[in-house]
Amino acid sequence: MTISSDKIVTAIAHTNIALIKYWGKRNAEFIIPYTGSLSLTLDQFYTQTSVQFDASLDQDSVSIDDQLIDGNGWQRVHDFLNIVRQQSDITLNARVKSENHVPTAAGLASSASAFAALAAAASRAAGMDLDLQALSRLARRGSGSACRSIFGGFVEWQRGTNDSDSYAVPIETPNLNDIRIVALTVEKHHKPISSRQGMALSVTTSPYYPTWVKVVESDLQSIKTAINADDFTRFGTISELNAMRMHALTLSANPDFLYFTGDTLEAMNEVKRLRHSGIECYYTIDAGPNVKVICQKQNAAAITDTFSKMFGPEKVTVAQPGPGVKYL
Ligand code: ADP
Ligand code: DP6
Ligand code: CO
């Protein structure tokens, strides 16, 4: 297939916060998870990526925030572009320019927005016109959580069993529209263990892993019931429980590891204090030290105020449901 070598395609995708977590791959090559998961796409954090296939390049060129990258980061993008080249039947190398409006590799799901944006931009630059389900399947190959960032609002990744039936779907007409996520960016630096390594270690060494797989099935049912019933208390309670159940898989791995820092624990305790004082809120934490506080619009200001005093206002961001992937 011949494509024009100067077509630059730019896409934007937002990160998502998992409320029922994905933590473990049944198949690592295709990124097929052991369980389903459920997330909320956030308006405040996103990646913008442009891709151009160019006959003058002798290898893929990848920059993130104007820095050319090499090593593992480059390899991961290169492997992903190989999937796009295979699907579209092109052989040209690509120039990828990406900007993260989210801290990279700090547990704020940069891999989700990054590979959702890359899937959209690269597939179109390669001449393909994928529907959203196919885009979700493609994004999944770059990072599991990315398959959910193709869609806005509440999203479920239906685990499936193979490459063709493992993809995300939006949860239509969701309630809980006044939901807010107060993100506490206590740490912007790279986490010591990537999500990919961390989940692999949990799957192979935590004696509790088989129980996790069973528990996620019921947690998923509970949270969907809560969303349908517009039951914020049930929604927040199950989100907080599921997050702690995931982190128990890091503590019970061999060797054990932990994504929390002292600030993480202080934030968790403060959420409990606020809740007991009548300001309803819950926490969830992905693979990193940063805490996301789940609340409703009417309490967002009080919660923001409390954590701004604790950590400084620059570390507190109020997010609401964000949009799906789009082209510029
Ligand atoms: P996070 O919590 O940020 O998702 P992960 O460990 O899951 O952390 O993934 C981080 C990795 O995702 C980075 O080390 C890098 O390889 C990749 N990544 C992040 N942002 C980008 C980007 N804009 N373009 C390409 N790859 C990216
Ligand atoms: C804790 O999607 O980053 O955020 O598929 O290996 O790229 P890879 O992992 P990734 O893992 C996300 C883990 C999590 C939970 C979640 O987002 O569901
Ligand atoms: Co990630």
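As the structure lists them, so they are numbered: ligands from 1, and atoms in each ligand from 1.
Annotation for ligand 2: atoms under 4.0 Å from non-hydrogen atoms of W23 are 1 (C), 13 (C). Of all the atoms in ligand 1, the ones that sit under 4.0 Å from a non-hydrogen atom of L108 are 2 (O). Ligand-side atoms of ligand 2 in range of M246: 1 (C), range being under 4.0 angstrom from any heavy atom. Within the listing of ligand 1, atoms 20 (N), 21 (C), 22 (C), 23 (N), 24 (N), 27 (C) sit less than 4.0 angstrom from a heavy atom of A114. Taking a cut-off of under 4.0 Å to the non-hydrogen atoms of S195, the atoms of ligand 2 that pass are 3 (O), 9 (O), 10 (P), 11 (O). Contact atoms of ligand 1 toward T47: 23 (N) (distance under 4.0 Å to a heavy atom of the residue). Atoms of ligand 2 found under 4.0 Å from any heavy atom of G144, numbered from 1 in the order shown, are 2 (O), 5 (O), 7 (O), 8 (P). Taking every non-hydrogen atom of K25 and a distance limit under 4.0 Å, the qualifying atoms of ligand 2 come out as 5 (O), 6 (O), 8 (P). Within ligand 1, counting atoms from 1 as listed, the ones closer than 4.0 Å to a heavy atom of S98 are 22 (C), 23 (N), 24 (N). Counting the atoms of ligand 2 from 1 in the order shown, those under 4.0 Å from a heavy atom of A18 are 16 (C), 17 (O), 18 (O).
Ring planes of Y282 and F232: perpendicular class, angle over 60° (limits at 30 and 60°).
Nearest protein neighbour of atom 24 (N) of ligand 1, counting heavy atoms only, is I64 CD1, 3.6 Å. For atom 2 (O) of ligand 2, the nearest protein heavy atom (residue, atom name, distance) is S145 OG, 2.7 Å. Looking at atom 11 (O) of ligand 2, its nearest protein heavy atom turns out to be M199 CE, 3.3 Å. Scanning all protein heavy atoms for the shortest distance to atom 10 (C) of ligand 1 gives A105 CB, 3.7 Å. Ranking protein heavy atoms by distance to atom 11 (C) of ligand 1, first place goes to R76 NH1, 4.0 Å. Closest to atom 9 (O) of ligand 1, if we only count protein heavy atoms, is S111 CB, 3.4 Å. Remark: minimum distance from atom 19 (C) of ligand 1 to any protein heavy atom is reached at S110 OG, 3.3 Å. Atom 17 (C) of ligand 1 has its closest protein heavy atom at F115 CE1, 4.2 Å.
Looking at ligand 2, you won't find any N or O of K21 less than 3.5 Å from one of its N or O atoms. Residue Y22 has at least one N or O atom closer than 3.5 Å to an N or O atom of ligand 2. On a distance-only criterion, N100 and ligand 1 share at least one N/O pair closer than 3.5 Å. For the pair I31 and ligand 2, the shortest N or O to N or O distance does not fall below 3.5 Å.
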Criterion side chain to side chain donor-acceptor pair (under 3.5 Å) on Q197 and S194, from CA distance to verdict: CA-CA 5 Å; Q197 292 168 301; S194 70; 3.3 Å; yes

Are R275 and E270 close enough, and set up right, to give a salt bridge (charged side-chain N to carboxylate O under 4.0 Å, His left out), and what steps lead you there? CA-CA 8 Å; R275 194 154 80 218; E270 187 57 37; over 6 Å; no

Working for salt bridge (charged side-chain N to carboxylate O under 4.0 Å, His left out), residues D163 and R140: CA-CA 9 Å; D163 182 44; R140 191 199 73 230; 2.6 Å; yes

Could you check T284 against K21 for side chain to side chain donor-acceptor pair (under 3.5 Å), going step by step and ending with a plain yes or no? CA-CA 10 Å; T284 184; K21 311 284 186 194; 2.8 Å; yes

Run T225 and S222 through side chain to side chain donor-acceptor pair (under 3.5 Å) and show every step you take. CA-CA 5 Å; T225 304; S222 299; over 6 Å; no

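At a heavy-atom distance under 4.0 Å, atoms from both the backbone and the side chain of S194 approach ligand 1. Under 4.0 Å from ligand 2, not a single heavy atom of F115 appears. When heavy-atom distances to ligand 2 are checked against a 4.0 Å cut-off, R148 comes that close only through its side chain, counted from C-beta outward. Within the 4.0 Å heavy-atom criterion, the part of K191 lying near ligand 1 is the side chain and not the backbone. Of all the heavy atoms of R76, the ones lying under 4.0 Å from any atom of ligand 2 belong exclusively to the side chain. Contact annotation for S143 and ligand 2: heavy atoms of both the backbone and the side chain come within less than 4.0 Å of the ligand. Contacts of S111 with ligand 2, taken as heavy-atom pairs under 4.0 Å, involve the side chain alone.
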Name every donor-acceptor pair, under 3.5 Å, that has one atom in a side chain of residues 146-155 and the other anywhere in the protein, sequence neighbours excluded.
{"from": "R148", "atom 1": "NE", "to": "N16", "atom 2": "OD1", "distance (Å)": "3.1"}
{"from": "R148", "atom 1": "NE", "to": "S39", "atom 2": "OG", "distance (Å)": "3.1"}
{"from": "R148", "atom 1": "NH1", "to": "S37", "atom 2": "OG", "distance (Å)": "2.8"}
{"from": "R148", "atom 1": "NH2", "to": "N16", "atom 2": "OD1", "distance (Å)": "2.7"}
{"from": "S149", "atom 1": "OG", "to": "H14", "atom 2": "O", "distance (Å)": "2.6"}
{"from": "S149", "atom 1": "OG", "to": "N16", "atom 2": "ND2", "distance (Å)": "2.8"}

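The residue from T49, V77, I69 that puts a heavy atom closest to atom 25 (C) of ligand 1 is V77.
The side chain to side chain contact (heavy atoms under 4.5 Å, CB included) test with F307 singles out one residue from V271, V186, V291, and that residue is V271. Test R245, M268, K272 against E240 for side chain to side chain contact (heavy atoms under 4.5 Å, CB included) and you get one pass: K272.
Taking 4.5 Å as the limit, every side-chain heavy atom of D60 sits out of range of all side-chain heavy atoms of V77. Side chains of V62 and S98 form no contact here, defined as non-hydrogen atoms less than 4.5 Å apart.
Between the side chains of T233 and E280, a donor-acceptor pair is found at a separation under 3.5 Å.
Expressed to the nearest 0.5 Å, how far OG1 of T10 lies from NZ of K326 amounts to 13.5 Å.
Heavy-atom distances between A109 and ligand 1 reach below 4.0 Å in at least one pair. In this structure, D286 has no heavy atom closer than 4.0 Å to ligand 1.
At a cut-off of 2.8 Å, S145 does not coordinate the Co ion (ligand 3) through any N, O or S atom.
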